[in-house]
2 protein chains.
Amino acid sequence: MRSVVRDKEATKGKLLEAGLDEFAEYGIAGARVDRIAAKAGCNKAMIYAYFGSKEGLFEELLKIQIDRMIQSVPITPDDLPGYAGRLFDSYQEQPQILRLAAYHRLENGFDVVPEAEAEAYRHKVEAVAKAQMEGKLTAAFDALELLDLVVHMSILAFSTPNATRALVEKAVRRLIAE
Amino acid sequence: MRSVVRDKEATKGKLLEAGLDEFAEYGIAGARVDRIAAKAGCNKAMIYAYFGSKEGLFEELLKIQIDRMIQSVPITPDDLPGYAGRLFDSYQEQPQILRLAAYHRLENGFDVVPEAEAEAYRHKVEAVAKAQMEGKLTAAFDALELLDLVVHMSILAFSTPNATRALVEKAVRRLIAE
DNA sequence: TAGAAGCAACTAACTAGTTGGTTGACACGC
DNA sequence: GCGTGTCAACCAACTAGTTAGTTGCTTCTA
């Protein structure tokens with residue numbers, strides 16, 4: 001039987017969960033390893049044993065969250081308003097991811113994008129381009145431009161507290177109108 | 001004649017300038033008062049004499065930068081694409097403001113908006129509403145929604161390195177198309 | 001019983017903020 | 001033109017608390 005008291009994966013999971021809360025709330029520089037350890041209910045030495053450093057924990061955390069987001073919101077090139085709306089909803093449900101990504105971008109710029117994310121993005125651009133070639137989608141924008149615009153619209157809540165899913169969908173509908 | 005060596009306003013100015021660089025690069029939690037003082041070429045006690053605290057310096061700094069931005073980019077309700085484009089250009093010229101604002105929003109939420117900014121925003125909403133009533137602007141969105149969308153579009157560079165002024169203008173043109 | 005999991009206690013470095021005293025500019029009387 | 005009292009501007013050095021990261025030892029499980 002699997003140990004419940006001493007379980008490496010369970011401990012890592014608890015640290016990742018506690019780190020998510022902490023980093024989302026305070027950012028990378030503002031996060032405190034002692035608070036993370038306390039929230040996870042284990043010693044902070046575990047952070048260094050399993051993730052090497054505070055930044056190591058953050059990177060792994062971000063990667064997992066981005067993967068989860070990519071998995072849970074697949075692109076629908078022939079329904080970009082719906083895609084933007086679903087992204088918007090995901091961010092509303094888990095605002096931590098948006099905050100994590102924002103802090104990461106502010107501290108690292110665009111250069112340090114996890115390869116998994118870049119790869120997924122390339123696939124999405126291709127999907128958009130395909131839909132454009134098939135005439136299902138406006139050719140008014142390059143595929144990359146269009147995807148950038150749609151993704152940007154989905155984070156409208158970053159700019160205003162008045163953002164709603166309906167507004168995001170409506171805006172994207174107008175962006176791609178023929 | 002005014003002293004050049006001991007000049008309160010000049011020292012405050014140097015601290016504000018040094019703080020702008022520091023806070024834009026490292027955020028509020030990541031900024032170091034010793035570095036700010038060193039960059040400004042004066043003692044860090046001056047920060048506490050003139051601004052009360054690290055946060056005090058940040059708040060004053062942000063207010064000044066926002067005022068400057070509001071002054072330098074007036075809204076043109078009958079040319080929203082141009083307005084978004086000019087905002088975009090301003091952010092490109094002074095990326096620090098966007099970073100400052102982003103850090104501030106991440107650490108304080110939407111609640112703590114400087115009154116000057118809120119007031120200027122209300123004026124802009126009214127200007128948009130007026131243009132809508134005069135039939136110069138689409139009535140497809142509420143005035144507030146529309147302004148939120150346009151302002152959000154202008155920070156496209158926050159989402160993608162591929163952002164250009166032309167793209168921002170084009171997107172806004174489509175948003176407000178009849 | 002070997003080895004992995006876990007932690008209390010520690011360290012060395014750093015950090016925001018303070019303090020007591022110094023320095024330069026200038027007004028004023030002579 | 002010159003001493004001089006005053007005060008704002010300024011700073012080196014300090015404090016008290018915090019921080020990321022480490023280590024040597026204990027505990028649990030297969």
Nearest non-hydrogen partners of A:S154 and A:Y91, listed with the distance
OG-CE1, 3.6 Å

Contacts of B:F23 that satisfy ring-ring contact (aromatic ring centres under 6.0 Å, His included) - sequence neighbours left out
B:F58

Check: B:V33 main-chain N/O paired with B:E22 side-chain donor or acceptor under 3.5 Å
no

Between the protein and nucleotides 2-4 of chain C, which nitrogen or oxygen pairs come in under 3.5 angstrom?
none

How would nucleotides 11-20 of chain D be written as a contact map, 5' to 3', with B for base contact, S for sugar-phosphate-only contact and - for no contact, using protein heavy atoms under 4.0 Å?
BB------SB

Residue set satisfying side-chain hydrogen bond (donor to acceptor under 3.5 Å, both in side chains) with A:Y121, at least two apart, ordered chain then number -> A:D148

Rounded off to whole Å, could you give me the CD1-to-P distance for the B:I47 and D:dA9 pair?
16 Å

So what does A:Y50 touch, heavy atoms closer than 4.0 Å: a base, only the sugar-phosphate, or nothing?
sugar-phosphate

Please determine whether a side-chain nitrogen of the Lys or Arg among B:R122 and B:E119 lies less than 4.0 Å from a carboxylate oxygen of the Asp or Glu.
yes

Ring of A:F141, cation from B:K170 - is the NZ or CZ under 6.0 Å from the centre and inside 45° of the axis?
yes

Who are the side-chain hydrogen bond (donor to acceptor under 3.5 Å, both in side chains) partners of B:R165, not counting sequence neighbours?
B:D89, B:E169

Sorted by chain and number, sequence neighbours left out, side-chain hydrogen bond (donor to acceptor under 3.5 Å, both in side chains) with B:D21 holds for B:Q96

